[in-house]
Amino acid sequence: MVGDVPDSAVDLARRVTELEAENRRLRQLLGVERRPSSPSAWEPTLFAEPADLARHVDRRSTPQEKVALFRELFQGRNDVYAQPWRNTRTDKSGWSPVVKGGWTNARKPDREYIPLVDEVISDHLGGQFHAGLYWLLRDDSCRLLACDFDGPGWTLDALAYVDAARAAGVRPLWSDPDPAMVATYWVFFADAVPASAARRIGVFLAREAMTARAELDLSSYDRLFPSQDFLPHQGFGNLIALPLQGQCRHHGTTVFLDPVISNPMAISGSFSHRLIG
């Protein structure tokens with residue numbers, strides 16, 4: 001006993017204080033609250049609402065303005081990008097960095113990678129090919145966080161995830177399943193943040209989703225990007241297929257949806273149409 005307060009009540013008060021401190025720390029990581037100014041403090045902030053960013057881009061905007069908006073959001077390595085490949089003889093497939101001279105030069109020691117320039121993004125959006133973005137920058141930081149959901153029960157699990165994100169002050173964009181039936185939630189940072197911290201945020205949101213929806217085990221929770229904390233000594237690390245690819249979009253996939261009603265013409269979905277239309 002401490003005075004007239006039972007030990008259990010003291011323990012509970014201490015636990016509440018600890019949880020409040022942990023909540024503040026996580027909200028600071030998310031950029032919802034800022035830390036006191038310090039020369040060494042890391043103060044990440046979330047990107048402005050993408051739907052708001054799209055207001056200056058509509059169907060009448062130039063292709064250059066649309067590409068600029070896309071690149072403003074989906075930022076990663078600009079000195080290299082990836083494209084999918086398939087070996088018709090073995091039926092194997094995958095993604096590889098694009099090199100000058102084609103795939104035959106991919107294994108040469110003097111190979112030269114083709115950078116991710118505006119023309120590449122324009123061709124991706126137009127459907128000429130599908131471009132893949134390498135997330136990790138040279139300093140082990142990133143500008144994006146994404147979470148994939150797949151399988152027959154992905155809808156409820158994904159909604160639980162977005163509920164947890166919004167409760168934490170994060171408003172992710174939801175892209176409709178791609179041809180592989182994978183739905184992706186995207187979170188954008190205003191500045192580059194350590195990949196390890198971005199991953200902690202993603203894991204935290206997944207745990208919060210499971211806590212809020214105890215009946216769900218998030219069995220459709222597939223992958224978290226970036227999937228690495230540090231850039232490998234050799235190679236470029238993990239990549240992700242960029243959304244809004246022209247051919248996929250014409251089939252109604254990889255576009256952005258309102259997470260409540262799954263309508264591609266609503267809210268974040270209007271971002272897709274303003275950007276591409």
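Only this structure's heavy atoms are used, side chains among them; waters, hydrogens and symmetry mates stay out. Keep in mind that what you see is a predicted model, and the values were worked out from it rather than measured.
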Practice prompt. Could you walk me through whether Asp110 and Lys100 pass the salt bridge (Lys or Arg N to Asp or Glu O under 4.0 Å) test, one step at a time?
Written response: CA-CA 10 Å; Asp110 60 345; Lys100 290 187 177 180; over 6 Å; no

Discussion item. Checking Arg71 against Asn78 for the side-chain hydrogen bond (donor to acceptor under 3.5 Å, both in side chains) test, could you report, in this order, the C-alpha distance in whole Å, the side-chain angles of both residues, the deciding distance, and whether it holds?
Written reply: CA-CA 10 Å; Arg71 301 199 69 177; Asn78 289 325; 3.0 Å; yes

Worksheet item: Within the distance-only criterion (no hydrogens, no angle test), does the side chain of Arg111 pair as donor or acceptor with the backbone N or O of Ala106 below 3.5 angstrom?
Response: yes

Worksheet item: Would you say Arg199's side chain and Pro226's backbone share a donor-acceptor pair under 3.5 angstrom?
Response: yes

Worksheet, complete the sentence: In short, Leu73 meets Phe188 closest at the heavy-atom pair O-CD2, 3.4 Å

Discussion item. Would Phe189 and Leu144 count as a side chain to side chain contact (heavy atoms under 4.5 Å, CB included) here? Give the steps.
Written reply: CA-CA 6 Å; Phe189 294 101; Leu144 296 169; 5.9 Å; no

Worksheet item: Taking the six-membered ring for Trp, are the ring centroids of Phe74 and Trp186 within less than 6.0 Å of each other?
Response: yes

Worksheet item: Just how far is it from atom CD of Gln83 to atom CH2 of Trp95, taken to the nearest 0.5 Å?
Response: 8.0 Å

Worksheet item: Side-chain contact, heavy-atom cut-off 4.5 Å: Cys147 with Phe225?
Response: no

Discussion item. Hydrophobic clustering (ILVMFWY, side-chain heavy atoms < 4.5 Å, transitive) - are Phe204 and Val187 grouped together?
Written reply: yes

Worksheet entry | Sidechain-backbone polar pair: Gln228 side chain, Phe230 backbone, donor-acceptor under 3.5 Å | no

Worksheet, complete the sentence: Value for CZ (Arg200) from CG (Leu205), rounded to nearest 0.5 Å, stands at 13.0 Å

Worksheet, complete the sentence: Nearest heavy-atom contact between Ala146 and Thr184 is CB-CG2, 3.8 Å

Worksheet item: Looking at Asp79 and Arg138, does any basic side-chain N land under 4.0 Å from a carboxylate oxygen?
Response: yes

Worksheet item: Would Val120 and Asp123 count as a side chain to side chain contact (heavy atoms under 4.5 Å, CB included) if you check the C-alpha gap in whole Å, the side-chain angles of each, and the deciding distance to 0.1 Å?
Response: CA-CA 5 Å; Val120 172; Asp123 288 344; 5.9 Å; no

Practice prompt. Following the transitive rule for hydrophobic clusters with a side-chain heavy-atom cut-off under 4.5 Å over Ile, Leu, Val, Met, Phe, Trp and Tyr, establish whether Val99 and Val117 coincide in one cluster.
Written response: no

Fill in: Where Leu239 and Gly132 come nearest, the two heavy atoms and their spacing
CD1-CA, 4.4 Å

Worksheet item: Looking at CD of Gln128 and OG of Ser122, how far apart are the two atoms once the value is rounded to the nearest 0.5 Å?
Response: 7.0 Å

Practice prompt. Look at the aromatic rings of His124 and His130 and report parallel, tilted or perpendicular, splitting at 30° and 60°.
Written response: tilted

Worksheet item: side chain to side chain contact (heavy atoms under 4.5 Å, CB included) between Phe236 and Leu136: does it pass, once the steps are laid out?
Response: CA-CA 7 Å; Phe236 304 105; Leu136 291 179; over 6 Å; no

Worksheet item: Rounded to the nearest 0.5 Å, what separation is found between the CD atom of Glu208 and the CG atom of Asp163?
Response: 12.0 Å

Worksheet item: Between Lys108 and Thr104, what is the shortest heavy-atom contact and its length?
Response: CE-O, 4.2 Å

Worksheet item: In Å, rounded to the nearest 0.5 Å, how long is the span from CG of Leu137 to SG of Cys142?
Response: 7.5 Å

Worksheet item: Is there side-chain contact between Phe70 and Leu242, with heavy atoms separated by less than 4.5 Å?
Response: yes

Practice prompt. Taking the side chain as every heavy atom from C-beta outward, state whether Leu224 and Leu145 have any pair of such atoms under 4.5 Å apart.
Written response: yes

Discussion item. Measuring only between side-chain heavy atoms, which start at C-beta, is Val193 closer than 4.5 Å to Ser141?
Written reply: no

Worksheet item: Once you round to the nearest 0.5 Å, how far does OG of Ser227 lie from CG of Asn238?
Response: 3.5 Å

Fill in: Over all atoms of both residues, closest heavy-atom pair of Asp229 and Ser196
OD1-CA, 3.4 Å

Worksheet item: What about Ile114 and Val80, same hydrophobic cluster or not, with Ile/Leu/Val/Met/Phe/Trp/Tyr joined at side-chain heavy-atom distances under 4.5 Å?
Response: no

Practice prompt. Could you state whether Leu231 and Tyr134 fall into the same hydrophobic cluster, counting links through intermediate Ile, Leu, Val, Met, Phe, Trp or Tyr residues with side-chain heavy atoms under 4.5 angstrom apart?
Written response: no

Discussion item. Ring-plane angle category for Phe129 and Tyr81, please: parallel below 30°, perpendicular beyond 60°, tilted otherwise.
Written reply: parallel

Worksheet item: Can you check side chain to side chain contact (heavy atoms under 4.5 Å, CB included) on Trp103 and Ser96, steps first, answer last?
Response: CA-CA 9 Å; Trp103 304 117; Ser96 294; 3.7 Å; yes

Worksheet item: Hey, does Leu133 have a side-chain heavy atom less than 4.5 Å from the side chain of Leu116?
Response: yes

Worksheet entry | Leu125 versus Arg249, closest heavy-atom pair with distance | O-NH2, 3.6 Å

Practice prompt. Would you check if Arg86 and Asp91 make a side-chain contact, meaning some heavy-atom pair closer than 4.5 Å?
Written response: yes

